[in-house]
Visitor: 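One structure coming up, written as structure tokens, with questions to follow.
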Amino acid sequence: PAPEAAGFPPPGDPAAAATLLADFAARGPAAARLARSRADRAALAALGGNAPYLALLALREPDVMMAVLNGGAGPLLDAIRTGLARLDPLAPRPIFARELRAAKRRAALAIALADLSGDWSVERVTAELSDLADACVSAALRHLLRALHERGTIMLPDPARPEADSSFAVLGMGKLGARELNYSSDIDLVLLFDPSSPVYRDESQSAMARLARDLVPLLAERDADGMVFRVDLRLRPDPAATPPVVSLAAALTYY
């Protein structure tokens with residue numbers, strides 16, 4: 001079995017831990033050096049021997065392992081969130097979806113390492129997962145709003161910043177709203193817009209319903225790159241009788 005360092009739990013499956021250590025070392029000289037380090041071997045053993053999903057992420061994102069074990073998770077997560085904020089909203093949908101999934105994958109591994117090592121409290125872990133979800137949702141909505149603008153369905157005041165003065169808002173409910181997401185949480189969203197705004201043209205309700213229909217697979221569909229977050233829109237007012245994007249007036253009346 002790989003040696004145990006303070007903080008990381010010992011592997012429940014030593015054989016799986018040994019397999020990850022060998023596979024990770026084969027990723028190149030830098031990865032091999034990390035796999036030989038006593039403290040870093042403990043991190044790999046904890047992933048390989050306890051969490052098959054995280055073991056796969058370690059092999060797919062070895063640079064994340066090295067960055068977190070050498071400098072902590074905080075700087076890497078800051079960089080990931082900055083990258084999400086800078087994603088080109090005009091990027092083709094498949095490329096945009098791939099970037100979102102890569103960000104989620106890398107951030108999930110970084111957060112898990114800080115969690116398993118004991119460096120972060122459970123409150124910090126859930127807050128970081130919630131901030132990640134917020135950044136992913138914001139990026140996805142910028143992309144979808146800009147797509148509607150490019151089609152002439154809506155007229156954004158500042159297409160370079162699709163969310164600015166868009167008369168569109170997203171409420172994070174449940175664990176996301178409380179900043180208490182865990183690793184398997186879905187995200188509860190309420191989508192609101194003001195159809196009286198000059199942003200929206202005729203048939204604005206159907207246009208925004210299309211946005212909601214596009215948002216769910218953009219975040220929740222699983223493919224070769226993984227998924228971002230499962231999305232639940234059913235916490236909106238009277239979900240059985242209302243469209244997935246609710247007008248501001250209807251929401252105010254309901255609440």
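Just so you know, these numbers come straight off a predicted model, no measurement behind them. The chain is numbered in sequence order, starting from 1. Computed from heavy atoms alone, side chains included, the values below leave out hydrogens, waters and symmetry copies.
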Visitor: Is there a continuous path of hydrophobic side-chain contacts, each under 4.5 Å between heavy atoms, that joins Leu59 to Leu34?
Guide: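 Yes; tracing contacts between hydrophobic side chains, which count when under 4.5 Å, links both residues.
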Visitor: Give the intermediate values and the outcome of side chain to side chain contact (heavy atoms under 4.5 Å, CB included) for residues Leu113 and Leu109.
Guide: CA-CA 6 Å; Leu113 285 167; Leu109 178 57; 4.3 Å; yes
Visitor: Taking all non-hydrogen atoms of both residues, which atom of Val170 and which atom of Phe168 are closest, and how far apart?
Guide: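 Smallest interatomic distance, heavy atoms only, reads CG2-CE2, 3.6 Å.
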Visitor: Would you kindly confirm whether Leu192 and Leu141 end up in one hydrophobic cluster when ILVMFWY residues are joined by side chain heavy atoms under 4.5 Å apart?
Guide: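 Per the 4.5 Å side-chain linkage, Leu192 and Leu141 are not co-clustered.
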Visitor: Donor-acceptor pairs under 3.5 Å, side chain of residues 208-221 to any protein atom, not counting sequence neighbours: which ones?
Guide:
none

Visitor: For Gly72 versus Pro75, what's the shortest heavy-atom pair and its separation?
Guide: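 Smallest interatomic distance, heavy atoms only, reads O-CD, 3.7 Å.
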Visitor: List the atom pairs, donor and acceptor, that lie under 3.5 Å between side-chain atoms in residues 235-252 and the rest of the protein, sequence neighbours left out.
Guide:
from   : atom 1 : to     : atom 2 : distance (Å)
Arg236 : NE     : Thr242 : O      : 3.3
Arg236 : NE     : Thr242 : OG1    : 3.2
Arg236 : NE     : Pro243 : O      : 2.9
Arg236 : NH1    : Leu233 : O      : 2.8
Arg236 : NH2    : Pro239 : O      : 3.0
Arg236 : NH2    : Thr242 : O      : 3.0
Thr242 : OG1    : Pro237 : O      : 2.7
Thr242 : OG1    : Asp238 : O      : 3.0
Ser247 : OG     : Ala250 : N      : 3.2

Visitor: With a 3.5 Å distance limit and no angle check, can you tell me whether Arg41 reaches the backbone of Ser37 through a side-chain donor-acceptor pair?
Guide: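 No: the side chain of Arg41 does not pair with the backbone of Ser37.
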Visitor: Measure the CD-CD distance between Glu123 and Glu128 for me, rounded to the nearest 0.5 Å.
Guide: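 It comes to 12.5 Å.
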Visitor: Below 4.0 angstrom, N of the basic side chain to O of the carboxylate: do Lys175 and Asp188 qualify?
Guide: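 Salt bridge: no.
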Visitor: Are side-chain N/O atoms of Asn182 and Ser185 paired as donor and acceptor at under 3.5 Å?
Guide: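 Present: a donor and an acceptor within the cut-off.
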Visitor: Quick check: do Asp115 and Trp120 have side-chain heavy atoms less than 4.5 Å from each other?
Guide: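 In short, these two side chains do not touch, never coming nearer than 4.5 Å.
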Visitor: Working to the nearest 0.5 Å, report the span between CZ of Arg234 and CE of Met173.
Guide: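 It is 13.5 Å, given to the nearest 0.5 Å.
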Visitor: Output all residues satisfying ring pair (Phe, Tyr, Trp, His ring centres under 6.0 Å) with Phe193, sequence neighbours left out; order by chain, then residue number.
Guide: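 Residues passing ring pair (Phe, Tyr, Trp, His ring centres under 6.0 Å) with Phe193: Tyr200.
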Visitor: Sequence neighbours excluded and cut-off under 3.5 Å, please list the side-chain donor-acceptor pairs for residues 151-160, or say none.
Guide:
from   : atom 1 : to     : atom 2 : distance (Å)
Asp158 : OD1    : Ala160 : N      : 3.2
Asp158 : OD2    : Arg161 : NE     : 2.9
Asp158 : OD2    : Arg161 : NH2    : 3.4

Visitor: Identify all side-chain donor-acceptor contacts of residues 83-96 below 3.5 Å with residues at least two apart in sequence or on another chain.
Guide:
from  : atom 1 : to     : atom 2 : distance (Å)
Asp88 : OD1    : Leu90  : N      : 2.9
Arg93 : NE     : His143 : NE2    : 2.7

Visitor: Between Arg106 and Asp63, is there a side-chain N and carboxylate O pair less than 4.0 Å apart?
Guide: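 Looking at Asp63 together with Arg106, the answer is yes, because their closest N to O distance falls below 4.0 Å.
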Visitor: What are the two closest non-hydrogen atoms of Ser184 and Arg230, and how far apart are they?
Guide: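 The answer is O-NH2, 2.7 Å.
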Visitor: Rounded to the nearest 0.5 Å, what's the gap from CG on Leu176 to CG on Leu171? Could you check?
Guide: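 If I round to the nearest 0.5 Å, the distance is 10.0 Å.
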Visitor: Any chance you could measure Ser130, atom OG, to Leu181, atom CG, to the nearest 0.5 Å?
Guide: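 With rounding to 0.5 Å, OG (Ser130) is 3.5 Å from CG (Leu181).
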Visitor: Between Asp119 and Arg124, does at least one N-O distance fall below 4.0 Å, as a salt bridge requires?
Guide: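 No, this pair does not count.
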Visitor: What's the spacing between Asp23 CG and Leu44 CG if we round to 0.5 Å?
Guide: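 Rounded to the nearest 0.5 Å, the CG-CG separation comes out at 10.5 Å.
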Visitor: Quick check on side chain to side chain contact (heavy atoms under 4.5 Å, CB included): which of Leu129, Thr126, Leu54 does Tyr183 satisfy it with?
Guide: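 So the option named by the test is Leu129.
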Visitor: Using modelled atom types and a 3.5 Å cut-off, is there a donor and acceptor pairing between side-chain atoms of Asn50 and backbone atoms of Pro10?
Guide: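 Side chain of Asn50 to backbone of Pro10, a donor-acceptor pair under 3.5 Å: yes, one is there.
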Visitor: With a 4.5 Å cut-off on side-chain heavy-atom distances among I, L, V, M, F, W and Y, is there a chain of contacts connecting Met227 to Leu100?
Guide: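 Met227 and Leu100: separate clusters.
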Visitor: Sorted by first residue and then second, give each ring-ring contact (aromatic ring centres under 6.0 Å, His included) pair with at least one member in residues 36-65; sequence neighbours left out.
Guide: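 Non-adjacent pairs meeting ring-ring contact (aromatic ring centres under 6.0 Å, His included): zero.
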Visitor: Can you tell if the side chain of Asp186 reaches within under 4.5 Å of the side chain of Phe229, non-hydrogen atoms only?
Guide: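 They are not in side-chain contact.
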Visitor: Would Lys104 and Asp225 pass as an ion pair if we require N to O under 4.0 Å?
Guide: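 Result for this pair is no, no salt bridge flagged.
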Visitor: Does any part of the side chain of Pro29, heavy atoms only, come nearer than 4.5 Å to the side chain of Arg33, both counted from C-beta?
Guide: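 With C-beta onward as the side chain, the pair touches.
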Visitor: Check the pair Phe8, Leu47 against side chain to side chain contact (heavy atoms under 4.5 Å, CB included), reporting the backbone distance first and the verdict last.
Guide: CA-CA 9 Å; Phe8 284 102; Leu47 300 187; 5.8 Å; no
Visitor: Is Val64 reachable from Met66 through a run of hydrophobic residues whose side-chain heavy atoms are each under 4.5 Å from the next?
Guide: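 Result: yes, single cluster for both.
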Visitor: When rounded to the nearest 0.5 angstrom, what distance separates CD1 in Ile111 from CG in Leu116?
Guide: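 Ile111 atom CD1 to Leu116 atom CG measures 12.0 Å (nearest 0.5 Å).
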Visitor: What do you reckon, is CD of Glu203 surrounded by more than 12 foreign heavy atoms closer than 6.0 Å?
Guide: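 Open: at most 12 neighbouring heavy atoms sit under 6.0 Å from CD of Glu203.
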Visitor: Search all heavy atoms of Ala45 against all heavy atoms of Pro11 and return the closest pair with its distance.
Guide: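 Result for this residue pair: O-CB, 3.4 Å.
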Visitor: Restricting to non-hydrogen atoms, name the atom on Ser166 and the atom on Val199 that form the minimum distance, rounded to 0.1 Å.
Guide: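 Of all heavy-atom pairs spanning Ser166 and Val199, the closest is O-CG1, 3.8 Å.
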Visitor: Between Ala73 and Ala110, which heavy-atom pair has the shortest distance, and what is it?
Guide: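 Taking Ala73 first and Ala110 second, the nearest heavy atoms are CB-O, 3.6 Å.
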Visitor: Are the side chain of Ser138 and the backbone of Ala135 linked by a donor-acceptor contact shorter than 3.5 Å?
Guide: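 No; zero donor-acceptor contacts below 3.5 Å.
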Visitor: Going through the checks in order, is the side chain to side chain contact (heavy atoms under 4.5 Å, CB included) test met by Leu77 and Asp131?
Guide: CA-CA 10 Å; Leu77 287 169; Asp131 288 348; over 6 Å; no
Visitor: Evaluate the criterion side chain to side chain contact (heavy atoms under 4.5 Å, CB included) for residue pair Leu132 and Cys136; output intermediate values, then yes/no.
Guide: CA-CA 6 Å; Leu132 172 65; Cys136 289; 4.0 Å; yes
